[in-house]
Amino acid sequence: MSEHNTTPSLACHDPSNPLIPGSPKSLLSSTLETGASLSQDFSPIKSICAHLNAFHVYASDPTRIVEANHYCAHLTEDVRQCILYDSPNPGARILGIEYMITPKLYETLPQTEKRYWHTHVFEVKSGMLIMPKPTGVVPQGVWEKAERTEMEQVVTLYGKIYHLWQVDRGDKLPLGEPQLMTSFTEERQFPDMERVLDERDSRFPGADWRAKRESRRDIEVPEMHPDADWTWKKDKQQQQ
């Protein structure tokens with residue numbers, strides 16, 4: 001975990017990430033970034049209103065699991081967009097993007113397109129999907145209520161994910177084609193789920209996926225379209 005300087009800084013650059021190749025940022029780069037942070041408007045990213053954490057798998061190889069921190073904005077009541085990072089810390093790498101849409105928009109898609117999208121039911125109901133509590137004075141009970149409201153919305157949405165940087169295989173840079181990702185629909189698809197989620201929760205104060213699973217039992221499970229989550233269905237279809 002990165003060491004943080006206690007001296008406030010106006011520069012927008014992050015501490016060097018040892019996993020990323022290249023020379024340390026020069027004084028000139030830092031100076032230019034400081035000027036930009038003071039004078040430019042970053043409206044698109046200022047609309048980000050939620051940080052979610054969950055796990056993705058490659059649609060082409062569901063044995064490869066990647067943790068993703070989602071920083072999401074609402075474009076409309078029916079469309080959300082998220083920037084995905086490999087950590088919530090300074091110097092985090094952008095993994096990719098996720099779009100989320102409501103069922104009414106999903107129903108307008110052609111069948112071939114529908115199969116690129118996944119559901120969030122298991123993510124929510126299992127406690128895997130969390131909205132990490134920020135450090136500060138927000139009481140745990142207040143935050144859990146806000147998270148509950150977020151989960152009640154996300155459980156109904158369809159998501160489409162592309163990862164650009166395959167950090168799980170040790171790539172030092174984003175290489176190759178964008179990779180379609182998906183998520184889990186049942187526990188047996190997620191090897192060592194309990195261990196993985198326990199480790200994740202240890203990094204986010206107040207996070208407890210088991211408690212969240214229990215508290216979300218009464219969240220209604222929506223009826224989802226059969227063409228979603230195609231990664232887990234295509235082999236069965238080919239056998240028929």
Value rounded to 0.5 Å, distance of [atom1] in [X] from [atom2] in [Y]:
| X | Y | atom1 | atom2 | value |
| --- | --- | --- | --- | --- |
| L84 | I161 | CG | CD1 | 6.5 Å |
| L157 | I101 | CG | CD1 | 9.0 Å |
| R64 | D168 | CZ | CG | 4.0 Å |
| L52 | H120 | CG | NE2 | 8.5 Å |
| F42 | I48 | CZ | CD1 | 12.5 Å |
| E223 | T156 | CD | OG1 | 13.5 Å |

Exercise. Of all heavy-atom pairs between S87 and A92, which one has the smallest distance, and what is that distance?
Worked result: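 Taking S87 first and A92 second, the nearest heavy atoms are O-CB, 3.2 Å.
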Exercise. Taking all non-hydrogen atoms of both residues, which atom of L105 and which atom of T108 are closest, and how far apart?
Worked result: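 Answer, listing the atom of L105 first, then T108: O-OG1, 2.6 Å.
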Pairing of [X] and [Y] as salt bridge, 4.0 angstrom limit:
| X | Y | answer |
| --- | --- | --- |
| E187 | K125 | no |
| R148 | D218 | yes |
| R210 | D208 | no |
| E199 | R203 | yes |

Using only heavy-atom distances, determine whether the side chains of [X] and [Y] contain a donor-acceptor pair under 3.5 Å.
| X | Y | result |
| --- | --- | --- |
| R80 | Q153 | yes |
| D198 | W209 | yes |
| H70 | N53 | no |
| T185 | D229 | no |
| H118 | H56 | no |

For this session: Could you walk me through whether R200 and I130 pass side chain to side chain contact (heavy atoms under 4.5 Å, CB included), step by step?
Result: CA-CA 10 Å; R200 186 275 311 274; I130 64 172; 3.6 Å; yes
For this session: Apply side chain to side chain contact (heavy atoms under 4.5 Å, CB included) to L95 and L164, showing your working.
Result: CA-CA 6 Å; L95 297 175; L164 308 174; over 6 Å; no
Exercise. Do K133's NZ or CZ and the ring of F204 fall within the cation-pi criteria of under 6.0 Å and 45°?
Worked result: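 Relative to the ring axis of F204, which defines the angle, K133 lies outside at least one limit.
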If only atom types and distance count, is the side chain of [X] paired as donor or acceptor with the main-chain N or O of [Y] below 3.5 Å?
| X | Y | answer |
| --- | --- | --- |
| K233 | A228 | yes |
| W143 | M131 | yes |
| H163 | W165 | no |
| T149 | K145 | yes |
| D86 | R93 | yes |

Exercise. ring-ring contact (aromatic ring centres under 6.0 Å, His included) with Y158: which of Y106, Y116, W230, Y99?
Worked result: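 So, applying the ring-ring contact (aromatic ring centres under 6.0 Å, His included) to Y158 and each of Y106, Y116, W230, Y99, only Y106 qualifies.
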Quick one, [X] and [Y] - any side-chain contact, counting heavy atoms below 4.5 Å?
| X | Y | answer |
| --- | --- | --- |
| K160 | E113 | yes |
| M181 | V57 | no |
| N69 | H51 | yes |
| F122 | V124 | no |
| T119 | S183 | no |
| E220 | P222 | no |
| T182 | P62 | no |
| Q179 | S60 | yes |

Out of curiosity, does [Y] fall in the hydrophobic cluster containing [X] (side-chain heavy atoms, cut-off under 4.5 Å, transitive links)?
| X | Y | value |
| --- | --- | --- |
| L109 | L180 | yes |
| W117 | M224 | yes |
| I65 | W232 | yes |
| I97 | V154 | yes |

Exercise. Between F55 and F184, does the ring centroid distance fall short of 6.0 Å?
Worked result: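 No, the ring of F55 stays outside the 6.0 Å limit from the ring of F184, centre to centre.
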Problem set entry | Flag if over 12 foreign heavy atoms under 6.0 Å of CD, Q140 |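 Yes, the 6.0 Å shell around CD holds more than 12 heavy atoms from other groups.
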For this session: Could you check E147 against K212 for salt bridge (charged side-chain N to carboxylate O under 4.0 Å, His left out), going step by step and ending with a plain yes or no?
Result: CA-CA 10 Å; E147 182 186 62; K212 295 181 189 299; 2.7 Å; yes
Exercise. Are the sulfur (SG) atoms of C82 and C72 separated by under 2.5 Å?
Worked result: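 With an SG-SG separation under 2.5 Å, C82 and C72 do form a disulfide.
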For this session: In sequence, state the C-alpha distance, the side-chain angles, and the governing distance for Y71 and I45, and then conclude on side chain to side chain contact (heavy atoms under 4.5 Å, CB included).
Result: CA-CA 9 Å; Y71 292 86; I45 59 173; over 6 Å; no
Problem set entry | Sequence neighbours excluded - salt bridge (Lys or Arg N to Asp or Glu O under 4.0 Å) pairs with any residue from residues 97-108 |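 The answer is D78-K104.
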Problem set entry | Stepwise side chain to side chain contact (heavy atoms under 4.5 Å, CB included) test for Q81 and L75 | CA-CA 7 Å; Q81 60 183 14; L75 295 179; 3.5 Å; yes
